[in-house]
Amino acid sequence: MKTILLLLLFTFGLVAGLSAQRFSVGFQLIGLSYHLKKSKHPHLFKGKITRNGRLMVNGGILITLRYHATPDWGMQYSQAIVAHDCSGRFLGMSHLGVFVRKNELWDSPNAVNVSFGPMFFYRQNWAFLPGYVDEGLFDISNNKQWMTKFVWHGGMLSWQHRLSEGRYFQLDMLPGIPEIISIGPGLSFQPAMAR
């Protein structure tokens, strides 16, 4: 699995290096998550807005790199770094996929991007937290320090509003159905051809 991810990253880097004018970057703050199911351990949640822990505030960033093969599609690599997940521990997510883009929705400066491809999640092991109930969502690493999950059919949804030439306000959503939905606002910078 690690070899496949490294090969995909190498290929993405090689393709992206061929034409810098087709390359874009986005920066988002990761901050709001909604649990679709009732949790067995809301007492562990540090940033809960609701008492049952369904609505949460997290602290992290999402960096998205895109290679635009045409204005309508390309390849995407996204890296989330969350310093404080629901339990206040470190979490990461890596996503590599193909994205499609619909520009100028309803003759406006808005665009929508949808990406499809594998995702790899990793977080510090929650099993050490008092009262944690293992729901079987994650595998535990050999050294017992990390919990991991690999998903082949992952994806992200992005809405963009053009602020000026090559600069967009962006809202990203990670639909982790049936468990969680995460939302993060930010900025994205991309070449004129990618509009």
Side-chain angles (χ1 to χ4, degrees), residues 1-9 12 26-65 76-99 113-159 170-188:
M1 180 173 63
K2 289 179 184 176
T3 304
I4 292 171
L5 281 176
L6 289 174
L7 183 60
L8 289 172
L9 286 173
F12 180 78
F27 301 94
Q28 280 73 40
L29 295 176
I30 298 173
L32 195 60
S33 297
Y34 181 75
H35 291 91
L36 299 171
K37 294 180 178 179
K38 184 178 179 182
S39 175
K40 294 182 179 178
H41 34 69
H43 59 283
L44 298 177
F45 293 171
K46 304 290 185 193
K48 59 186 172 185
I49 296 173
T50 57
R51 193 171 61 184
N52 62 5
R54 284 214 162 168
L55 189 60
M56 300 283 308
V57 173
N58 308 113
I61 60 169
L62 174 69
I63 301 169
T64 300
L65 306 173
Q76 170 176 318
Y77 173 72
S78 295
Q79 180 62 55
I81 301 167
V82 182
H84 303 285
D85 69 0
C86 296
S87 73
R89 299 167 72 80
F90 177 83
L91 168 101
M93 183 278 299
S94 302
H95 168 55
L96 183 65
V98 173
F99 76 88
N113 299 275
V114 180
S115 68
F116 304 95
M119 290 184 149
F120 182 60
F121 297 89
Y122 41 96
R123 71 181 186 190
Q124 287 179 299
N125 194 346
W126 285 29
F128 299 115
L129 300 173
Y132 172 72
V133 178
D134 188 359
E135 298 176 285
L137 294 175
F138 290 88
D139 296 322
I140 297 178
S141 65
N142 291 336
N143 66 6
K144 310 293 185 202
Q145 298 301 308
W146 296 95
M147 302 178 94
T148 62
K149 183 170 186 71
F150 184 79
V151 179
W152 281 106
H153 55 280
M156 296 177 67
L157 177 64
S158 301
W159 168 78
Q170 184 165 319
L171 193 62
D172 277 80
M173 182 179 76
L174 171 64
I177 296 169
E179 299 298 328
I180 194 169
I181 294 176
S182 294
I183 297 174
L187 293 174
S188 107

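- In this structure, Tyr77 OH and His95 NE2 are separated by 10.5 Å, a value rounded to the nearest 0.5 Å.
- Checked by atom type and distance alone, the side chain of Lys40 never pairs as donor or acceptor with a backbone atom of Glu135 at under 3.5 Å.
- Distance alone, capped at 3.5 Å, is enough to place a donor-acceptor pair between the Lys149 side chain and the Leu137 backbone.
- The OG1 atom of Thr148 sits 5.0 Å away from atom CG of Asp139, with the distance rounded to the nearest 0.5 Å.
- The shortest distance between side-chain heavy atoms of Leu187 and Phe27 does not fall below 4.5 Å.
- The distance from the CZ atom of Phe45 to the CG atom of Asn52 is 9.5 Å, given to the nearest 0.5 Å.
- Within the model, atoms CZ of Arg54 and NZ of Lys48 stand 13.5 Å from one another, a figure rounded to the nearest 0.5 Å.
- What you find for Phe121 and Met93 is that their closest heavy atoms are CE2-CG, 3.3 Å.
- Under the 4.5 Å side-chain criterion, counting only non-hydrogen atoms from C-beta, Arg123 is not in contact with Arg89.
- A heavy-atom distance below 4.5 Å is not found between the side chains of Trp126 and Asp134.
- The backbone N or O of Leu55 sits less than 3.5 Å from a side-chain atom of Thr50, completing a donor-acceptor pair.
- Atom CD1 of Ile180 and atom CG of Leu36 lie 8.0 Å apart (nearest 0.5 Å).
- Looking only at side-chain heavy atoms (C-beta outward), Phe128 and Gln145 come within less than 4.5 Å of each other.
- Minimum heavy-atom separation, Ser33 to Asn58: OG-OD1, 2.6 Å.
- A 4.5 Å side-chain heavy-atom check between Ser188 and Thr64 finds every atom pair outside the cut-off.
- When all heavy atoms of Gln79 and Ser94 are compared, the closest pair comes out as OE1-OG, 2.7 Å.
- For the pair His43 and Pro130, the tightest heavy-atom approach, listed with the atom from each and the gap, is NE2-O, 3.7 Å.
- Side-chain contact between Gln124 and Trp146 is present, with at least one heavy-atom pair separated by less than 4.5 Å.
- Residues Ala80 and Ile30 share a closest heavy-atom pair of CB-CD1, 3.6 Å.
- Using a 30° and 60° split on the angle between ring planes, Phe120 and Tyr122 fall in the tilted class, from 30° to 60°.
- Residues Ser158 and Asp172 approach most closely at OG-OD2, 2.6 Å, considering heavy atoms.
- Taking a 6.0 Å sphere around NE2 of His84, one finds it holds 12 or fewer heavy atoms contributed by other residues, nucleotides or ligands.
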